[in-house]
Amino acid sequence: MKVCIECGRQLFDYDKICDRCNSKNIIFENEYNAITEEISRANIFKKKKLLQIHNYKCIYDRLQQPKELYPTPIILRNNSELGEEYWNRINQHTINKDESERPTVECPYCHSKDTKRIITTSKVIHTAIFGIFSMSRNGKQWHCNNCNSDF
């Protein structure tokens, strides 16, 4: 998980900007925790030096605020976010997207988009049945359902 430095929102690993404050100042959660730990263990002189760095200053300010204003990044859902909004945000980042959003591969021979991936299990079964004669097929990754060619 990632954390936005500016607002403290917890984000997904592949997020580039914060969807709450549109900030691009995002770090990984373990870095956030390391900075928090470093600030809390620093003496007064070292803390003064650390707080000159923008990221450290933002995190320190958030630590000084009441917990209601800035939820900790460990919390996935803050209290102001409704259940429906939370699940909409989760569904935007779901790995299992619609079939319509998956990339399609075009056959180089007949230019059809009716293709499917040749899976490893199929290659193993074909090798078991046809032996060494299936080696030319095993280097292929896609099968065209229109012209029955492998590429």
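Scope of the values below: all heavy atoms of this structure, side chains included, with no hydrogens, waters or symmetry mates.
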> Between I118 and Q141, is any pair of side-chain heavy atoms under 4.5 Å apart?
Replying inline: no
> Are E6 and C58 side-chain neighbours, meaning at least one heavy-atom pair lies under 4.5 Å?
Replying inline: yes
>> Looking at every non-hydrogen atom in both residues, tell me the closest pair between T36 and I59 and how far apart they are.
In response: OG1-CG2, 3.8 Å
> Considering only heavy atoms from C-beta outward, does the side chain of F28 approach that of D13 to under 4.5 Å?
Replying inline: yes
> Would you say K2's side chain and I26's backbone share a donor-acceptor pair under 3.5 angstrom?
Replying inline: no
> Is a side-chain donor or acceptor of N43 paired with a backbone partner of F45 at a separation under 3.5 angstrom?
Replying inline: yes
>> Nearest 0.5 Å, please: how far is CG in L11 from CD in E29?
In response: 10.5 Å
> Roughly how far, to the nearest 0.5 Å, is the CD atom of E106 from the NE2 atom of H111?
Replying inline: 6.0 Å
> Does any non-hydrogen side-chain atom of K113 lie less than 4.5 Å from one of N146?
Replying inline: no
> Does I39 reach the side chain of Y56, with side-chain heavy atoms less than 4.5 Å apart?
Replying inline: yes
>> Does any part of the side chain of R117, heavy atoms only, come nearer than 4.5 Å to the side chain of V105, both counted from C-beta?
In response: no
> Looking at T115 and C107, what are the two nearest heavy atoms and their distance?
Replying inline: CG2-N, 4.2 Å
> How far apart are the C-alpha atoms of S112 and C147, what are their side-chain angles, what is the distance that settles it, and do they pass the side-chain contact (heavy atoms from CB on, under 4.5 Å) test?
Replying inline: CA-CA 8 Å; S112 170; C147 67; over 6 Å; no
> Rounded to the nearest 0.5 Å, what separation is found between the CD atom of Q10 and the CE atom of M1?
Replying inline: 3.5 Å
> What do you reckon, is CZ of R41 surrounded by more than 12 foreign heavy atoms closer than 6.0 Å?
Replying inline: no
> Quick one: does C144's side chain get under 4.5 Å of C110's, heavy atoms only?
Replying inline: yes
> With respect to L50, which candidate in K48, K46, K47, Q52 satisfies the side-chain contact (heavy atoms from CB on, under 4.5 Å) definition?
Replying inline: K46
> side-chain contact (heavy atoms from CB on, under 4.5 Å) between V3 and N33: does it pass, once the steps are laid out?
Replying inline: CA-CA 10 Å; V3 179; N33 293 335; over 6 Å; no
> After noting the C-alpha distance and the side-chain angles of N55 and E31, does the key distance pass the side-chain contact (heavy atoms from CB on, under 4.5 Å) rule?
Replying inline: CA-CA 11 Å; N55 289 354; E31 294 175 60; over 6 Å; no
> Is there side-chain contact between C7 and C18, with heavy atoms separated by less than 4.5 Å?
Replying inline: yes
> Is it the case that K140 places NZ or CZ above or below the six-membered ring of F151, under 6.0 angstrom from the centre and within 45 degrees of the axis?
Replying inline: no
> Is I17 reachable from F12 through a run of hydrophobic residues whose side-chain heavy atoms are each under 4.5 Å from the next?
Replying inline: no
